Amino acid sequence: MSHVAMLALELGDANVVVTSLVLVFGMLVALCLIITLEGKMMDRAEKPAAPKPAAPKPAAPARQPAPAPAPAAPAVEAGIPAEVVAAIAAAVACTEGGGVIRAVRRAPAAGSRRGNWGDAGVVANTTPFLA
């Protein structure tokens, strides 16, 4: 092969490489723009319409609501500190959305070597397979 033929082959290869790079990066920029525009359209669709301000109502005479009766203190087993009862009440209020605790007592001793926490873990991890 002559030097002219090799030079033409290299120029043709360079042309293909440059065209490919321009095409790939151009498509990446186009995709970024499309995704950005779709994101902005979704943000606009999710925003609620601003409510119109309501006309001010005349002030009604203030009524004091009757105080709710205080819930009865839970029955607490001897030997359980008040801090533990407060922590249990807070956990129940967070998970159940309120509610009344009637009693706090220790769980009976576990019948297995794992203890209460171990038995609870076994039940939690094997329940899906039993049904």
Side-chain angles (χ1 to χ4, degrees):
M1 246 188 192
S2 68
H3 293 294
V4 176
M6 289 189 73
L7 183 60
L9 185 63
E10 290 175 3
L11 287 177
D13 291 342
N15 190 16
V16 169
V17 169
V18 169
T19 303
S20 300
L21 287 173
V22 169
L23 187 63
V24 166
F25 285 108
M27 287 295 118
L28 285 174
V29 169
L31 284 173
C32 287
L33 290 174
I34 290 170
I35 291 171
T36 302
L37 289 174
E38 283 182 351
K40 289 185 180 189
M41 288 177 9
M42 293 297 169
D43 287 343
R44 283 187 186 165
E46 289 178 1
K47 284 185 183 176
K52 294 181 181 178
K57 295 181 181 179
R63 281 184 142 184
Q64 293 291 336
V76 180
E77 185 178 290
I80 299 176
E83 293 86 6
V84 173
V85 175
I88 291 171
V92 169
C94 287
T95 57
E96 301 296 325
V100 177
I101 298 176
R102 294 187 188 102
V104 177
R105 62 183 179 278
R106 295 187 186 277
S112 69
R113 294 180 291 146
R114 287 184 293 270
N116 289 335
W117 286 106
D119 289 341
V122 169
V123 169
N125 290 319
T126 57
T127 299
F129 302 110
L130 297 177

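These numbers come from a predicted model, not from an experiment. We're numbering straight along the sequence, starting at 1.
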Each residue besides Val122 in its hydrophobic cluster should be listed here, by chain and number; the cluster joins Ile, Leu, Val, Met, Phe, Trp and Tyr at side-chain heavy-atom distances under 4.5 Å. none

Output side-chain donor-acceptor pairs under 3.5 Å for residues 24-43, partner residues at least two apart or in another chain, one line each.
from  : atom 1 : to    : atom 2 : distance (Å)
Thr36 : OG1    : Cys32 : O      : 2.8

Side-chain donor/acceptor pairs under 3.5 Å, residues 96-108, sequence neighbours excluded:
from   : atom 1 : to    : atom 2 : distance (Å)
Arg106 : NH2    : Gly79 : O      : 3.2

Connecting only ILVMFWY residues whose side-chain heavy atoms lie within less than 4.5 Å of each other, what is the rest of Val22's hydrophobic cluster? Val18

